[in-house]
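Below is one structure, written out as structure tokens; the observations come after it.
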2 protein chains.
Amino acid sequence: MSEPDFAAVAALAGEPARAIMLATLFDGRALAAGELARAAGIAPATASAHLGKLAEGGLVRVRAQGRHRYYQLAGPVVAHALETLGAVARPVPVRSLGDALRMQRLRRARSCYNHLAGEIAVAIAQALVRHGALEPDDDGFRLGAGARPLLARIGVDLAAVVRDDRAHVRACVDWTQRRLHVAGALGAALLDALLGSGALQRRREPRALDVTPSGDALLTAAFGIDSTALDALGA
Amino acid sequence: MSEPDFAAVAALAGEPARAIMLATLFDGRALAAGELARAAGIAPATASAHLGKLAEGGLVRVRAQGRHRYYQLAGPVVAHALETLGAVARPVPVRSLGDALRMQRLRRARSCYNHLAGEIAVAIAQALVRHGALEPDDDGFRLGAGARPLLARIGVDLAAVVRDDRAHVRACVDWTQRRLHVAGALGAALLDALLGSGALQRRREPRALDVTPSGDALLTAAFGIDSTALDALGA
DNA sequence: GCAACGCTTCGTTGGCGAGCGAAACGTCAC
DNA sequence: GTGACGTTTCGCTCGCCAACGAAGCGTTGC
């Protein structure tokens, strides 16, 4: 036990070029080695070495397809670890009004791996509990009786979620909020539905999301969430 | 956004000597710089530089007292991040029967920052819910009606917990188990009580805990937990 | 006071690893 | 087949950072 087990993983994720690649893969996509090299601003040879180490360390998985090799995060656990690490990071000194606004938007709504996070996500989880679609559980959440009609209102087909063999509902702790929100298959379906219906919209920054006016209306109508008053939430 | 926010933290935690120091601090103690230097096997000068960086990065806090400077983790968030990173680490190749047994014990019961983790912790959380001492919540857990007498059975003085100004009950996700267990003030009180009464016992390895025979009896009597059958738990 | 102690700062050295270009390997297109 | 492309392997260079000893600063104890 000379070296703690987290050290190797941290060292892998800590190198700048590798960190950029991991961040690029954060949403769960599988990208070719060349694309990751370009994203990190390094030569293909260097990227290959980095990706080899990340794979060796179990942070990414490789899928060879033709002359491409597609890399993606090894699983939600990796994404969760990166997210948690980010929560430790010093609040970035705000240099400009633009920075502050960007931060505020990121706190409000962002994607976390393949699901929704931020104040909006916490509010939705609480609303789902309040309306009986979810029930708190000693394991996080489980589906409640009123789930199907309520979820249908925002365009989530519950049958498709249940068919999915992943854990249907998983809780994810948002460490900027210290509160649970919905991950797992339902979390992914929620994000897809809200993006598909135009309620949410991806911003130019990697993980940032915007709530559109129609999204505001939808969330208010379906759950009674007033997304302009979200700051009043947390404990 | 050239460098992801987790990179700096990961780089800090990834350097071997710093990782050893962080691991040494993992249980929340405050240790003097010299002790950490010895633990990491480096000269005081080197340790000082490392600790300076860790403090600068917000991973540890310093408290000067006389001619000593005591360092400790900056908070539970840091411990949680390290724990989560460890969950990503490849399952260490088992080299010997001793390794396997050590691993099994660590899965069963260990300390996580200042509270109890592992299968035992998950089982206790579930039992507390089952007996009405805790109620699942969209935020994790909250105290239930039957909390006081039940917790008294295992030597936890609920009044002392409530007096504590930390969040009384917080949920912590054990990522080797993917299930919630009790953290926060109650989590810390639980660990203290079980250690104090001899139900649990620290092993030589840093975070490992043993359930003593008297602890087995106590858990069975209080909660109906059969600690020899815990493997049957998880999902 | 003076000496012992704990810690930090400074200046220097040395080794590890990120980075690249060149070349080899495999795949696809025609 | 042949050439273009994506990726990996190899050999090399260079910069960064961990590590140490020595010196400086504050605290404790006699």
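The sequence lines fix the lettering, A, B, ..., with proteins before strands; numbering per chain opens at 1. All heavy atoms count here, side chains included; hydrogens, waters and symmetry mates do not. Everything numeric here is computed off the predicted structure, so don't read it as measured data.
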task: Return yes if a side-chain donor-acceptor contact under 3.5 Å exists between A:Gln65 and A:Arg63, otherwise no.
output: yes

Which of C:dG17, C:dT9, C:dG21 is nearest the side chain of A:Lys53? It is C:dG17

### Sugar-phosphate, base or nothing in reach of B:Ala17, heavy atoms under 4.0 Å
sugar-phosphate

Between A:Ile42 and A:Gln65, whichever has its closest DNA chain C nucleotide further toward 5' is A:Ile42

Between the main-chain N or O of A:Leu25 and the side-chain N or O of A:Arg29, is there a donor-acceptor pair closer than 3.5 Å? no

*Please report the C-alpha distance between B:Val161 and B:Leu151 in whole Å, then the side-chain angles of each, then the deciding distance to 0.1 Å, and finally whether the side-chain contact (heavy atoms from CB on, under 4.5 Å) criterion is met.*
CA-CA 11 Å; B:Val161 173; B:Leu151 290 171; over 6 Å; no

Does a side-chain heavy-atom distance below 4.5 Å link A:Tyr113 with A:Asp27?
no

Here the distance between atom C1' of D:dC17 and atom CG of B:Leu54, to the nearest Å, is 14 Å

query: Is B:Ala32 touching bases, backbone alone, or none of the nucleic acid, heavy atoms closer than 4.0 Å?
result: sugar-phosphate

Per nearest nucleotide of DNA chain C, the residue lying toward the 5' end, A:Gly41 or A:Gly66, is A:Gly41

### Query
Is the B:His181 ring parallel, tilted or perpendicular to the B:His115 ring (thresholds 30°, 60°)?
tilted

**Prompt:** Any side-chain N or O of A:Tyr71 under 4.0 Å from OP1/OP2 of D:dT8?
**Reply:** yes

Whole-Å distance, B:His68 NE2 to D:dT27 C1', equals 9 Å

In whole angstroms, the gap separating P of D:dA18 from CG of B:Leu51 amounts to 12 Å

note: A:Arg67, atom CZ; C:dA29, atom C1'; distance rounded to Å ~ 8 Å

In whole angstroms, the gap separating P of C:dA18 from CG of A:Leu12 amounts to 9 Å

Taking OP1 and OP2 of C:dC20, is either one under 4.0 Å from a side-chain nitrogen or oxygen of A:Thr46? yes

To the nearest angstrom, the CD1-P distance between A:Ile20 and C:dA18 comes to 14 Å

Here the distance between atom P of C:dC16 and atom CD of B:Glu15, to the nearest Å, is 13 Å

When rounded to whole Å, the CZ to C1' distance for the pair B:Arg63 and D:dT27 reads 16 Å

- Query: Considering only heavy atoms and no angle criterion, is a donor-acceptor pair shorter than 3.5 Å present between the side chain of B:Arg69 and the base of C:dC7?
  - Reply: no

Closest to the side chain of B:Ala45, out of C:dC7, D:dA22, D:dA19, is D:dA22

